[in-house]
Amino acid sequence: MAILIRCAKPADAAAVADVYLASRKAFLPFAPLAHGDAEVRTWIAATLLPAGGVSVAEVDGRVVGMVAVSTAPEGAWIDQLYVAPDSVDHGVGTLLLRNALGRLSHPVRLYTFAENLRARAFYERHGFTAIDFGDGSGNEEGQPDVLYELDAIDQ
């Protein structure tokens, strides 16, 4: 399976939303979306993609994964990383993460839900360390979360 990682284009909005929604529904049933599908699609098309920092993974012309990054005074952030359920365990997430890390200065931080053991293991395999645990009051879903960080020396 040849995986192409490229910058997202406005025309990718529907495919990115499809990946995001399918992945959230398949892997995060304990954290239902705080917004409906139509709102998510509008947010992706009108806010997430225009902000920049979004890359997609493509296989045979089909978007199968996405990563969104941003920067802040305290460091860089991986804001979103989702892979289509039928493309999990094929290296898509790893390629997206490597691509993002290659574009970011360190430290790099991200949040994931505490109950999302698959994501936690993925990030820990890639050198991220849990630095804080939240009670869910800081996210829309109200679910306990974990703040991870990757320092330059961790790579």
Side-chain angles (χ1 to χ4, degrees), residues 1-71 76-104 108-130 132-134 136 138-150:
M1 174 167 73
I3 303 166
L4 169 69
I5 307 296
R6 62 171 176 79
C7 292
K9 302 176 285 196
D12 294 320
V16 168
D18 289 344
V19 167
Y20 179 90
L21 290 166
S23 183
R24 285 290 308 252
K25 291 172 183 177
F27 301 118
L28 304 175
F30 57 86
L33 286 163
H35 303 278
D37 290 6
E39 275 184 282
V40 169
R41 289 180 181 285
T42 298
W43 166 71
I44 287 171
T47 304
L48 186 68
L49 292 184
V54 179
S55 294
V56 296
E58 193 176 273
V59 174
D60 296 327
R62 177 180 164 239
V63 172
V64 297
M66 58 83 68
V67 63
V69 301
S70 62
T71 57
W77 288 87
I78 294 178
D79 298 315
Q80 316 287 333
L81 196 160
Y82 290 97
V83 175
D86 64 352
S87 296
V88 169
D89 294 329
H90 296 287
V92 175
T94 296
L95 287 176
L96 284 166
L97 181 61
R98 286 183 184 154
N99 176 272
L101 293 176
R103 297 183 285 133
L104 298 171
V108 178
R109 293 182 176 174
L110 63 88
Y111 279 100
T112 192
F113 294 115
E115 194 172 331
N116 191 351
L117 301 180
R118 184 179 199 132
R120 292 180 64 185
F122 172 79
Y123 291 118
E124 290 170 10
R125 261 194 328 272
H126 290 283
F128 283 82
T129 303
D132 194 27
F133 294 84
N139 62 64
E140 292 181 320
E141 295 84 355
Q143 296 295 311
D145 53 25
V146 183
L147 174 61
Y148 278 94
E149 182 174 87
L150 178 69

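Small disclaimer: the values here were computed from a predicted structure and weren't measured.
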J.: According to the salt bridge (charged side-chain N to carboxylate O under 4.0 Å, His left out) rule, which pairs have a member within residues 19-32, sequence neighbours left out?
T.: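 Of all non-adjacent pairs touching residues 19-32, those that pass salt bridge (charged side-chain N to carboxylate O under 4.0 Å, His left out) are R24-E141, K25-D37.
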
J.: Check N139 against G142 and note the closest heavy-atom contact, atom names and distance.
T.: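 Closest pair (atom of N139, atom of G142, distance): OD1-N, 2.7 Å.
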
J.: Can you name the side chain to side chain donor-acceptor pair (under 3.5 Å) partners of T94, sequence neighbours left out?
T.: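 Testing T94 for side chain to side chain donor-acceptor pair (under 3.5 Å), a comparison that skips the adjacent residues, returns H126.
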
J.: Go through the structure and list residues passing salt bridge (Lys or Arg N to Asp or Glu O under 4.0 Å) with D60, not counting sequence neighbours.
T.: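 D60 satisfies salt bridge (Lys or Arg N to Asp or Glu O under 4.0 Å) with no other residue.
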
J.: Identify, with sequence neighbours excluded, every residue that meets side chain to side chain donor-acceptor pair (under 3.5 Å) alongside Y111.
T.: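 Scan of Y111 (side chain to side chain donor-acceptor pair (under 3.5 Å), adjacent residues dropped) gives none.
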
J.: Please enumerate all residues that pass side chain to side chain contact (heavy atoms under 4.5 Å, CB included) together with R41, with sequence neighbours excluded.
T.: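 R41: side chain to side chain contact (heavy atoms under 4.5 Å, CB included) contacts with A17, D18, L21.
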
J.: Give me the atom names and distance for the closest heavy-atom approach of V56 to A8.
T.: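 Heavy-atom minimum between the residues: CG1-CB, 3.9 Å.
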
J.: Listed by chain and number, what are the salt bridge (Lys or Arg N to Asp or Glu O under 4.0 Å) partners of D79, not counting sequence neighbours?
T.: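 So D79 forms no salt bridge (Lys or Arg N to Asp or Glu O under 4.0 Å) with any residue.
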
J.: With sequence neighbours excluded, tell me which residues meet salt bridge (Lys or Arg N to Asp or Glu O under 4.0 Å) with R98.
T.: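 R98: no salt bridge (Lys or Arg N to Asp or Glu O under 4.0 Å) contacts found.
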
J.: Of all residues at least two apart in sequence or in a different chain, which pass the side chain to side chain contact (heavy atoms under 4.5 Å, CB included) check with S23?
T.: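 If we apply the side chain to side chain contact (heavy atoms under 4.5 Å, CB included) test to S23, skipping adjacent residues, the hits are F27, Y82.
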
J.: Could you tell me which residues satisfy ring-ring contact (aromatic ring centres under 6.0 Å, His included) with Y123, sequence neighbours excluded, listed by chain and number?
T.: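 By the ring-ring contact (aromatic ring centres under 6.0 Å, His included) rule, Y123 matches F128.
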
J.: With ring-ring contact (aromatic ring centres under 6.0 Å, His included) as the rule and sequence neighbours excluded, what pairs involving residues 43-67 come up?
T.: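 Pairs touching residues 43-67 that pass the test: Y20-W43.
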
J.: With salt bridge (charged side-chain N to carboxylate O under 4.0 Å, His left out) as the rule and sequence neighbours excluded, what pairs involving residues 112-130 come up?
T.: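 Matches after skipping sequence neighbours: D89-R118.
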
J.: For D12, enumerate each residue passing the salt bridge (Lys or Arg N to Asp or Glu O under 4.0 Å) test, keeping only those at least two apart in sequence or located in another chain.
T.: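 Counting only residues at least two positions away or on another chain, D12 forms a salt bridge (Lys or Arg N to Asp or Glu O under 4.0 Å) with R6.
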
